[in-house]
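Proteins get letters first, then strands, A, B, ... in listed order; numbering begins at 1 in each.
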Amino acid sequence: SQQGEEDPQALSIQEGENATMNCSYKTSINNLQWYRQNSGRGLVHLILIRSNEREKHSGRLRVTLDTSKKSSSLLITASRAADTASYFCATAYGGATNKLIFGTGTLLAVQP
Amino acid sequence: DGGITQSPKYLFRKEGQNVTLSCEQNLNHDAMYWYRQDPGQGLRLIYYSQIVNDFQKGDIAEGYSVSREKKESFPLTVTSAQKNPTAFYLCASSIGSQGGPQHFGDGTRLSIL
């Protein structure tokens with residue numbers, strides 16, 4: 001079962017522009033994470049935001065979390081061609097396991 | 001450098017054949033996971049293990065089997081009962097704290113001959 005749904009499915013922008021992608025989920029969560037996947041490679045963890053946090057920054061990344069709307073957004077500022085990848089949100093809903101549920105992903109293309 | 005190694009990178013399966021995908025980690029992580037990724041889709045959990053000699057089914061365990069005899073190793077067998085095995089398989093590990101970040105290998109692409 002996939003809890004996270006990302007929007008848009010695909011996004012194409014020019015270098016230097018900002019990219020925003022959104023994630024919605026269905027049930028209460030412990031934390032929400034964002035991952036990047038380059039074509040044909042594994043996922044790389046980018047950032048984790050806990051359910052009691054509203055905003056978090058890491059370099060050019062800014063993540064927000066709205067638990068009332070069950071949604072999160074990832075903003076990549078001043079994008080570069082190297083940011084071209086698929087981006088996935090993943091939710092952890094606590095309990096006795098370490099399981100994550102991944103969304104369907106946003107494919108970001110940054111044109112040089 | 002610590003990390004997760006998956007092998008082989010590409011694997012071909014004949015009809016009726018079982019194949020085993022290798023996953024080894026030297027991160028000293030307790031928990032390990034196997035995911036399946038189909039084109040243009042997210043990851044679906046096949047099996048996971050939180051500790052040596054213990055593992056649980058994920059969302060799509062039918063046609064797959066695993067073992068966890070060592071902390072470092074979590075091999076996945078795709079059995080002949082899995083009728084649609086063509087996919088990209090990803091192994092991951094985590095420290096074991098609840099829902100913490102997962103570290104991924106670079107995957108094995110399995111195809112049918």
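The environment of A:Glu55 atom CD is dense: over 12 non-hydrogen atoms of other residues, nucleotides or ligands sit within 6.0 angstrom. The neighbour count for A:Gln14 CD, taken as heavy atoms of other residues, nucleotides or ligands under 6.0 Å away, is above 12. Summarising the local packing, CZ of A:Arg50 is surrounded by 12 or fewer heavy atoms from other residues, nucleotides or ligands at distances under 6.0 Å. Atom CG of A:Leu75 has more than 12 heavy atoms from other residues, nucleotides or ligands within 6.0 Å. Applying the 6.0 Å contact sphere to CD of A:Gln111 captures more than 12 heavy atoms from other residues, nucleotides or ligands.
In this structure, OH in B:Tyr48 is found 11.5 Å from CG in A:Leu100, a value given to the nearest 0.5 Å. Considering CZ of A:Arg41 and CZ of B:Phe104, their distance stands at 14.0 Å, rounded to 0.5 Å.
In this structure, chain B has a heavy atom under 4.5 Å from the side chain of A:Leu48, while its backbone stays farther away. Neither the backbone nor the side chain of B:Gln56 comes within less than 4.5 Å of any heavy atom of chain A. A:Gln37 touches chain B through its side chain: at least one heavy atom from C-beta onward sits under 4.5 Å away, while N, CA, C and O do not.
For B:Asp106 (side chain) and A:Gly42 (main-chain N/O), a donor-acceptor pair under 3.5 Å exists by modelled atom type. No donor-acceptor pair under 3.5 Å is formed between the side chain of B:Gln102 and the backbone N or O of A:Leu43.
Nearest heavy atom pair, residue A:Gln33 against residue B:Gly99, reads NE2-O, 2.6 Å.
Put simply, B:Val52 and B:Tyr47 are part of two different groups of oily side chains (I, L, V, M, F, W, Y) that touch within less than 4.5 Å, one to the next.
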